Amino acid sequence: MKRTTIAILLLVGVVAVSTAAETRWVERTKVDIRAGRGSFYEIVDTVIRGDQVEILTTQDKWASVRTKNAKTGWVYEAALKATPVQPGSSDFLKAAPSDVATSRTAASQGAKGIYAQNYAKQKGYDYGIVEWVETHQPDGPQIEAFLKDPGETAGGAR
Amino acid sequence: MTARAYSTLALLLVLVAMVGCETTGGSTALGIMTGTNPEDIRGAVTDIDEPEEIELGRAVASAVGSRYTLLRDEPLTRYVALVGNEVALQSDRPDLRYYFGVLDTEEVNAFATPGGYVFITRGTLRLMRDEATLAAVLGHEVGHVALKHHLAAIKDQKQKAVGSGVTKSLIRIGSSFIPGVGGAVTSAVVNTPLLDLTMDVAVEASLKGYSRDQETEADAVGVKYATRAGYDAAGLRNFLGAVQDSGTQPAKAGFLAKLNSTHPGGPERLKAQDDLLKTAPAGGRRAAPRFEQQVIAKLPPTR
């Protein structure tokens with residue numbers, strides 16, 4: 001009985017240590033969790049400074065994590081810290097275009113072009129260039145396919 | 001009083017508290033400072049985090065759009081972006097989202113904005129013969145972004161503004177949220193003068209070019225990123241040589257602002273590349289067939 005109890009306690013201890021060791025805190029203002037190891041993959045969740053994530057695995061400086069929304073995806077390891085980080089949004093994100101300015105929604109949306117659009121309008125600049133390039137980039141699978149093709153024969157970017 | 005009217009009143013009270021409080025310290029909405037301690041103000045407004053950097057990048061890109069026409073060629077843009085992303089993945093900021101575009105001009109030039117917007121001109125592509133060269137030039141531009149070359153100048157100018165007498169008025173004039181008619185919040189956002197000033201500085205700093213040291217640094221990391229991606233290390237050397245051979249006049253801003261056969265920047269950059277090639281790994285790919293198919297065969301004729 002005593003031996004079983006000790007074994008259970010040891011097991012619980014190992015699990016607890018393992019869980020603690022796998023937790024990281026978000027150090028940056030806002031970080032997108034993506035479907036793959038690259039900034040061009042689809043965003044599956046967004047975390048903000050101070051949020052905890054659980055590390056599932058790491059590869060080439062990228063970490064696969066589970067967020068507190070139970071979403072899994074990849075994040076660049078440099079955005080995470082091994083010790084707790086005080087929550088806090090930037091002044092910039094607090095001014096996101098919403099009456100829930102300090103909420104996660106505001107943070108995930110950021111100030112998606114609102115300020116730059118205001119600025120461009122005021123200056124008479126063409127904001128259309130931004131909208132066009134943002135919507136005409138290759139997606140994750142296209143880039144993945146490109147990376148596998150050395151390009152020494154014609155093709156590979158259609 | 002209706003519920004809407006109460007909520008409007010509450011919002012106004014919050015706004016008054018945000019703008020009027022002199023003793024709390026710290027900051028609230030964008031650019032509206034509640035503290036009077038100059039050190040508090042200085043620290044809060046001179047920091048530029050990534051979301052702000054991206055927004056500054058959009059502002060700079062819109063300024064690029066006012067000077068040049070974007071070539072809205074989807075296959076060409078996608079190809080340039082594929083090469084750009086391959087190089088950016090090897091950069092010091094692989095987690096930043098980069099956007100690539102082609103400018104419809106024969107001027108030989110390339111630009112990068114803060115936050116990862118990279119533009120290359122039709123004239124620049126026309127001087128290239130392979131993908132390794134494109135990778136190196138895009139790597140150079142990605143290098144400026146990855147090494148945050150823009151931000152030092154922007155922060156410096158912002159610091160000067162904060163230190164000047166007009167800062168407080170710049171900070172305080174702006175308001176963030178505008179209560180709408182009937183108490184609804186319109187979600188309209190008005191830029192603070194400080195943010196507009198920051199965007200002005202970002203545009204100026206990004207379009208006037210970089211210091212010679214920064215260009216040298218971007219050359220070095222550009223080649224590094226391209227070779228890490230498996231490209232021939234001679235890409236940038238080949239391009240700089242092609243520019244010199246073509247007798248292209250240097251642009252006033254951007255990639256070639258410091259490159260001129262009579263300017264010490266040009267020969268210095270070429271020599272640096274020659275030196276680098278002596279120790280660079282051999283056997284990188286040039287991907288000339290794909291470049292030929294995707295760019296040379298499809299570039300619109302010179303207008």
Side-chain angles (χ1 to χ4, degrees), chain A residues 28-32 34 37-40 61-62 75-76 78-79 90-99 101 107 110-130 132-134 136-138 142-143 145-147 149-158, chain B residues 11 27-32 44-45 47 49-52 54-56 58-59 61-66 70 72 74-75 77-79 81-82 85-86 88-89 94-101 117 131 176-177 185 187-191 195-196 199 230 285-294:
Chain A
R28 295 184 186 167
T29 309
K30 176 182 90 74
V31 176
D32 294 324
R34 295 187 176 270
R37 287 179 292 122
S39 62
F40 39 79
K61 297 185 181 176
W62 290 82
V75 59
Y76 198 53
S90 67
D91 294 334
F92 188 74
L93 284 182
K94 285 175 186 169
S98 168
D99 56 349
K112 207 169 174 55
I114 299 295
Y115 303 112
Q117 283 179 54
N118 282 350
Y119 177 79
K121 192 174 177 186
Q122 177 192 317
K123 295 281 180 180
Y125 293 160
D126 177 16
Y127 194 77
I129 189 172
V130 178
W132 199 91
V133 297
E134 285 186 352
H136 290 81
Q137 299 296 307
Q142 286 173 327
I143 295 173
F146 187 82
L147 294 178
D149 181 348
E152 297 293 10
T153 55
R158 282 175 283 251
Chain B
L11 180 67
S27 61
T28 58
L30 177 72
I32 301 177
V45 302
D47 289 339
D49 62 11
E50 195 169 289
E52 186 174 6
I54 293 167
E55 194 72 345
L56 293 177
R58 290 183 174 119
S62 73
V64 170
S66 72
L70 185 70
R72 292 168 195 246
E74 292 186 30
T77 302
R78 188 166 58 247
Y79 173 70
L82 284 166
N85 274 288
E86 181 166 16
L89 257 183
D95 54 329
L96 182 68
R97 183 78 170 101
Y98 292 84
Y99 297 95
F100 298 87
Y117 295 78
E131 196 172 288
S176 290
F177 302 106
V185 175
S187 293
V189 174
V190 177
N191 291 7
L195 178 60
D196 283 340
M199 288 181 169
R285 65 201 161 92
R286 298 180 66 187
R290 183 163 59 193
F291 186 83
E292 158 73 29
Q293 185 198 45
Q294 299 292 331

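Just so it is clear: chains get the letters A, B, ... in the order the sequence lines come, proteins before strands, and each one is counted from 1. All of these numbers come straight from a predicted model, not from anything done at the bench.
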Rounded distance (nearest 0.5 Å) linking atom CD1 of A:Ile129 with atom CZ of B:Arg72: 7.5 Å
Spacing of NZ belonging to A:Lys61 relative to CG belonging to B:Asp95, to within rounding of 0.5 Å: 11.0 Å
Residue, of B:Ala81, B:Pro94, B:Ala88, B:Gly101, that accumulates the most heavy atom pairs under 4.5 Å with chain A: B:Pro94
Most contacts with chain A, counted as non-hydrogen pairs under 4.5 angstrom, among B:Ser62, B:Ala287, B:Gly230, B:Ser66: B:Ser62
Taking the side chain from [X] and the backbone from [Y], do they hold a donor-acceptor pair closer than 3.5 Å?
X: A:Ser39; Y: B:Leu96; result: yes
X: B:Glu86; Y: A:Leu147; result: no
X: B:Glu55; Y: A:Tyr115; result: yes
X: A:Glu152; Y: B:Arg286; result: yes
X: B:Glu50; Y: A:Val31; result: no
X: B:Arg285; Y: A:Pro150; result: yes

Can you name the closest pair of heavy atoms from [X] and [Y] and give their distance?
X: B:Gly65; Y: A:Asp126; value: O-CB, 3.7 Å
X: A:Gly113; Y: B:Arg58; value: N-NH1, 3.2 Å
X: A:Trp132; Y: B:Glu74; value: CZ2-CG, 3.9 Å

For the residue pair [X] and [Y], establish whether any side-chain heavy-atom pair is separated by less than 4.5 Å.
X: B:Phe100; Y: A:His136; result: no
X: A:Lys30; Y: B:Ile54; result: no
X: B:Leu89; Y: A:Phe40; result: yes

Pi-cation contact, A:Phe146 with B:Arg290 (under 6.0 Å, within 45°): yes
Polar contact flag, side-chain donor to acceptor under 3.5 angstrom, B:Tyr117-A:Glu134: yes
Basic-acidic side-chain contact under 4.0 Å: A:Asp32, B:Arg97: no
Contact class of B:Ala61 relative to chain A, heavy atoms under 4.5 angstrom: both
